[in-house]
Amino acid sequence: MTVLLVIIALVVGTGLVPDADPQSALPEPNRTYTPGSVGALGGEKTYPSGLGADGVEDARQLSYVHYRFLENNSRTYRIAASGPQHAAFMRGLSAWNTTVYVENDSRYSYRRHGVAPHGFRTRNRTLPDGETVTVWTPIRNPSSDNSSGQEELILQVYANETTKFWRVDAPFGVHYRRLTAAEVNSTRERALFSFTDRVASVNLYIRQFLGTDTSRIHCTESTDTGDCRTYRVVATGNPRIRGDVANYRATAVVESAGFVRSLSAGYTLP
């Protein structure tokens, strides 16, 4: 069974720009080549923190640099995944995709589309204040659960400085919720409805999918002065993923500032 995950992360400066051209806001290089005997592209090099001449040296450090780069920039994430339900990051789904636009912690939008091959189980959850909300859980074992066949669920969230709205398009109806500024800032609501970078952040995926025992790196784009603008990183070997993983390969495009512009990973499971 094949698992595939693709991530595209775009920095769009200030404001939410869903249709931004990924080439329009590339970060300026802050790492340069040291001239060598065979010229800039063949000489000694310095790399974004976490990367080195042999590939990925510290995936956790690279994820941290990526996060710090994004702190003061609005950004767009597009993530798509497909694979068997039991794969580490599939969460009981056979396919899902997410799009997130983040301007800051108070202004963002989020859309997640999930496909459950055996349908969803629903239950009501009572909150501490007595309110009841519906929870949808993918059915993982159709032999012991009542499978209703493939079902889809779409979650959408929009937030501005004063209000947060969310909508769930579920198999048997549409559910809405509106949160006031006081509710948004409460501990309970932050725990239940926090759909900022923590949901679609690539930081975890950077650590998991690039933290292998074998990798390589090369410069794919340079500036007019010969400094490297973009690196391509390929990771193989043994990733930090649960399961008997085989045929593993992850490819990332990393800007000189440590911003991971895209990341894709594929592997097979028994």
Side-chain angles (χ1 to χ4, degrees), residues 1-11 22-23 26-27 29-34 36 38-70 75-84 87-90 97-98 200-223 226-270:
M1 293 177 285
T2 301
V3 181
L4 177 65
L5 179 137
V6 178
I7 302 170
I8 300 176
L10 309 178
V11 173
Q23 297 293 332
L26 294 175
N30 65 356
R31 303 278 187 170
T32 61
Y33 289 115
T34 301
V38 292
L41 292 180
E44 295 181 3
K45 310 179 182 88
T46 56
Y47 299 88
S49 184
L51 301 180
D54 296 326
V56 180
E57 295 181 342
D58 187 338
R60 183 177 294 275
Q61 179 63 23
L62 178 62
S63 71
Y64 175 73
V65 173
H66 171 85
Y67 171 77
R68 291 298 302 270
F69 180 84
L70 291 178
R75 54 270 190 197
T76 300
Y77 288 114
R78 295 188 178 98
I79 307 176
S82 62
F89 56 89
M90 292 306 299
N97 63 76
T98 298
S201 171
V202 300
N203 295 345
L204 175 61
Y205 297 122
I206 292 172
R207 297 195 297 270
Q208 284 188 319
F209 293 112
L210 295 182
T212 65
D213 53 10
T214 305
S215 61
R216 60 184 185 274
I217 185 173
H218 69 274
C219 181
T220 59
E221 182 183 7
S222 59
T223 65
D227 298 331
C228 189
R229 187 184 185 101
T230 307
Y231 298 90
R232 184 173 184 264
V233 178
V234 177
T236 55
N238 299 310
R240 299 172 181 174
I241 301 174
R242 185 181 68 250
D244 188 9
V245 174
N247 303 314
Y248 182 80
R249 181 185 177 91
T251 303
V253 175
V254 184
E255 303 297 339
S256 59
F259 165 58
V260 180
R261 187 203 302 173
S262 67
L263 171 62
S264 63
Y267 57 93
T268 58
L269 292 171

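- When atom types are taken as modelled, the side chain of Thr212 and the backbone of Thr236 share a donor-acceptor pair closer than 3.5 angstrom.
- Contact between Leu51 and Ile217 at its shortest, heavy atoms only, is CD1-CD1, 3.8 Å.
- Here the CD1 atom belonging to Ile7 is positioned 7.0 Å from the CZ atom belonging to Phe209, to the nearest 0.5 angstrom.
- The two residues Glu57 and Gly52 make their nearest non-hydrogen contact at OE2-CA, 3.4 Å.
- Here the shortest heavy-atom pairing between Ala81 and Leu5 reads CB-CD1, 4.1 Å.
- Across all non-hydrogen atoms, the minimal contact from Gly237 to Pro239 is O-CD, 3.3 Å.
- Judged by distance alone, the side chain of Asp213 and the main-chain N or O of Asn238 form a donor-acceptor pair under 3.5 Å.
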Item checked: side chain to side chain contact (heavy atoms under 4.5 Å, CB included) assessment of Val254 paired with Tyr47 -> CA-CA 10 Å; Val254 184; Tyr47 299 88; over 6 Å; no
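- Here the CD-CZ distance, from Glu255 to Arg261, works out to 4.0 Å after rounding to the nearest 0.5 Å.
- Rounding to the nearest 0.5 Å places CG of Leu269 at 7.5 Å from CG of Asp244.
- Listed here is the closest heavy atom pair of His66 and Val260: ND1-N, 3.0 Å.
- Rounded to the nearest 0.5 Å, atoms CZ (Arg240) and CG (Leu204) are 11.0 Å apart.
- The closest side-chain donor-acceptor pair between Tyr64 and Arg60, if any, does not fall under 3.5 angstrom.
- When all heavy atoms of Ser256 and Tyr231 are compared, the pair lying nearest together is CA-CE1, 4.1 Å.
- How far OG of Ser63 is from CG of Asp58: 8.0 Å, rounded to the nearest 0.5 Å.
- The backbone N or O of Ala235 sits nowhere less than 3.5 Å from a side-chain atom of Tyr248 that would complete a donor-acceptor pair.
- The side-chain heavy atoms of Val3 and Pro84, taken from C-beta on, include a pair separated by under 4.5 Å.
- Rounding to the nearest 0.5 angstrom, the gap separating the OG1 atom in Thr268 from the CG atom in Leu4 is 12.5 Å.
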